[in-house]
2 protein chains.
Amino acid sequence: MTDAVRKSVQEKLAQGDFSCTKEFTLAMFSGKWKIVILCNLYYHGPFRFNELMRLLPRVSHKVLASQLRELQEDQLIDRTTVPGAQPEVYYAISPVGRSLMPVIDAMHEWGDQRLRALRVQPQFNINQAAENHR
Amino acid sequence: MTDAVRKSVQEKLAQGDFSCTKEFTLAMFSGKWKIVILCNLYYHGPFRFNELMRLLPRVSHKVLASQLRELQEDQLIDRTTVPGAQPEVYYAISPVGRSLMPVIDAMHEWGDQRLRALRVQPQFNINQAAENHR
DNA sequence: CTGTATCCCCGAAGATACTG
DNA sequence: CAGTATCTTCGGGGATACAG
């Protein structure tokens, strides 16, 4: 959703061009909330829509819905409806989504080490870097 | 650059919030061309600006420049100027960028297997999936 | 509760022209 | 050759209102 990558990958695939494996993977969790959603579902079990809303305090209604829809389309999560007077909808990580976790773990580890390194290097000021990016 | 993630990560860091390691890593190669640039620099050695332009046939002048600038700011690549009558500028992957390659390799492998699986599953039509995304 | 429909904003991506 | 400056376009993200 966030993502120019996502779109261009889809176009490539539609044209039968499968030479974009890295970008394809990248497109899986591009989107401002997808990684957080994925990790929450993985580590803390299935959640209902509003439970996720509470877990992600800053996400808007519509955006959460669209992120979940895309994650479903990519088959990374499963959506289950428990019937009843007021049906309950549960989102859970799927086997495919689960298989993506090692990649996310690798990202976590790299980011962890990198941030650590940046904080002890006085010559690289993180706030300055943020400034530069404007 | 592409990225809502990049921006929100920078804001978090500026506020002293370092609890976004995965997103931080994600922000490294979010941007439509960054992974391709990184891999090219890694596997096929330093390149000059115009050489990169030729390698990425669809990228525009300005966008390539901005992607390279951000990669520099993130210290993933090094920019070297060889002085002379007409100075030559070379872009090469940095040690930090090099350390990111295992993560990218993991993404490559996952994407490869996933795409393979999708192509043999007739029940999941990739073009259809692309349609759904509209 | 779990969404969809609408409208707005902003920044990334692109095209083009200009510069040292 | 290696960029910067400017303008336009397009789509993601957000807020809000409405619906089943």
Side-chain angles (χ1 to χ4, degrees), chain A residues 1-11 23 26-27 29-37 46-73 77-92 130 133-134, chain B residues 1-11 23 26-27 29-34 36-37 46-73 77-92 130 132-134:
Chain A
M1 151 168 281
T2 226
D3 208 358
V5 173
R6 186 183 185 82
K7 205 189 153 202
S8 69
V9 165
Q10 283 165 10
E11 286 167 0
E23 289 87 347
L26 182 58
F29 36 63
S30 290
K32 194 167 172 183
W33 303 96
K34 287 187 182 177
I35 286 192
V36 191
I37 294 171
F47 284 116
R48 300 179 59 180
F49 189 88
N50 265 22
E51 293 174 332
L52 284 170
M53 282 293 289
R54 266 171 250 128
L55 282 168
L56 282 45
R58 305 189 166 287
V59 76
S60 85
H61 226 87
K62 189 200 82 170
V63 172
L64 177 58
S66 70
Q67 301 272 303
L68 289 172
R69 194 183 325 115
E70 288 186 3
L71 287 169
Q72 280 177 73
E73 287 170 356
I77 65 175
D78 292 321
R79 180 182 182 278
T80 315
T81 308
V82 178
Q86 45 184 25
E88 299 175 1
V89 178
Y90 285 95
Y91 292 95
H133 282 142
R134 293 203 182 143
Chain B
M1 151 167 280
T2 226
D3 209 1
V5 173
R6 185 183 185 82
K7 206 188 153 202
S8 69
V9 165
Q10 283 164 10
E11 285 166 2
E23 289 87 347
L26 182 58
F29 37 63
S30 289
K32 195 166 171 183
W33 303 95
K34 287 189 182 175
V36 191
I37 294 171
F47 283 116
R48 300 178 59 177
F49 188 88
N50 268 20
E51 292 174 333
L52 285 170
M53 282 294 289
R54 267 171 248 128
L55 282 169
L56 283 44
R58 306 189 165 286
V59 75
S60 86
H61 225 87
K62 190 199 82 173
V63 172
L64 178 58
S66 69
Q67 301 272 302
L68 288 172
R69 195 182 325 116
E70 289 187 4
L71 287 168
Q72 281 176 72
E73 286 170 359
I77 65 174
D78 292 321
R79 181 181 182 279
T80 316
T81 307
V82 178
Q86 45 185 24
E88 300 176 2
V89 179
Y90 285 94
Y91 292 95
N132 291 339
H133 284 142
R134 293 202 183 143

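In the text below, chain A, chain B and the rest are named by the order of the sequence lines, each starting its count at 1.
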Practice problem: May I have the distance from L56(A) (atom CG) to dT2(C) (atom C1'), rounded to whole angstrom? | Solution: 16 Å

Quiz prompt | Residue W33(B), side-chain atoms from C-beta onward, closest of dG14(C), dT2(C), dG14(D) | solution = dG14(C)

Self-check item: Closest approach of V9(A) to E23(A) (non-hydrogen atoms, all atoms of both residues)
Solution: CG2-CB, 3.5 Å

Practice problem: Please step through salt bridge (Lys or Arg N to Asp or Glu O under 4.0 Å) for the pair E70(B) and K34(B), ending with a clear verdict. | Solution: CA-CA 9 Å; E70(B) 289 187 4; K34(B) 287 189 182 175; 2.7 Å; yes

Practice problem: Could you work out which one of dA2(D), dG3(C), dG14(C) sits closest to the side chain of R79(A)? | Solution: dG3(C)

Quiz item: Between atom CZ in F49(A) and atom P in dG20(D), what is the gap in whole Å?
Solution: 17 Å

Quiz prompt | Rounded distance in Å - CD (Q86(B)) to P (dA2(D)) | solution = 9 Å

Practice problem: Decide yes or no, distance alone: a donor-acceptor N/O pair under 3.5 angstrom between the base of dG14(D) and the side-chain of H61(A). | Solution: no

Quiz item: Considering only side-chain heavy atoms of V89(B), which listed nucleotide, dA2(D), dT2(C), dA15(D), is closest?
Solution: dA2(D)

Practice problem: Please report, rounded to the nearest Å, how far the P atom of dA2(D) is from the CD atom of E51(B). | Solution: 8 Å

Practice problem: Describe the nucleic acid contact of Y90(B) in one word from base, sugar-phosphate, nothing, applying a heavy-atom distance below 4.0 Å. | Solution: nothing

Quiz item: Does a side-chain N or O from Y91(B) land closer than 4.0 Å to OP1 or OP2 of dC1(D), or not?
Solution: no

Quiz item: Does OP1 or OP2 of dC1(D) have a side-chain N or O of R48(B) closer than 4.0 Å?
Solution: no

Quiz item: What nucleic acid atoms does R58(A) come within less than 4.0 Å of, heavy atoms only: base, sugar-phosphate, or nothing?
Solution: nothing

Quiz prompt | Options dG14(C), dG11(C), dA2(D), nucleotide nearest the side-chain atoms of V63(B) | solution = dG14(C)

Quiz prompt | Rounded distance in Å - NZ (K32(B)) to P (dA12(C)) | solution = 14 Å

Quiz item: To the nearest Å, how far apart are F47(A) CZ and dT2(C) P?
Solution: 13 Å

Practice problem: Figure out the CD/C1' separation between E70(B) and dG3(D), and round it to whole Å. | Solution: 16 Å

Practice problem: Examine dA15(D): is either OP1 or OP2 under 4.0 Å from a nitrogen or oxygen in the side chain of K62(A)? Give yes or no. | Solution: no

Self-check item: pair L52(B)-L68(B): side-chain heavy atoms closer than 4.5 Å
Solution: yes

Quiz prompt | Nucleotide nearest R54(B) when distance is taken to its side chain, options dG11(C), dA2(D), dC1(D) | solution = dC1(D)

Quiz item: Which nucleotide in the set dG3(C), dA2(D), dT4(D) lies at the smallest distance from any side-chain heavy atom of R69(B)?
Solution: dT4(D)

Self-check item: d(CG, L52(B); P, dG3(D)) in whole Å
Solution: 10 Å

Quiz item: Rounded to the nearest 0.5 Å, how far apart are CG of L64(A) and CZ of R69(A)?
Solution: 10.5 Å

Practice problem: Rounded to the nearest 0.5 Å, what's the gap from CG on D78(B) to OH on Y90(B)? Could you check? | Solution: 15.0 Å

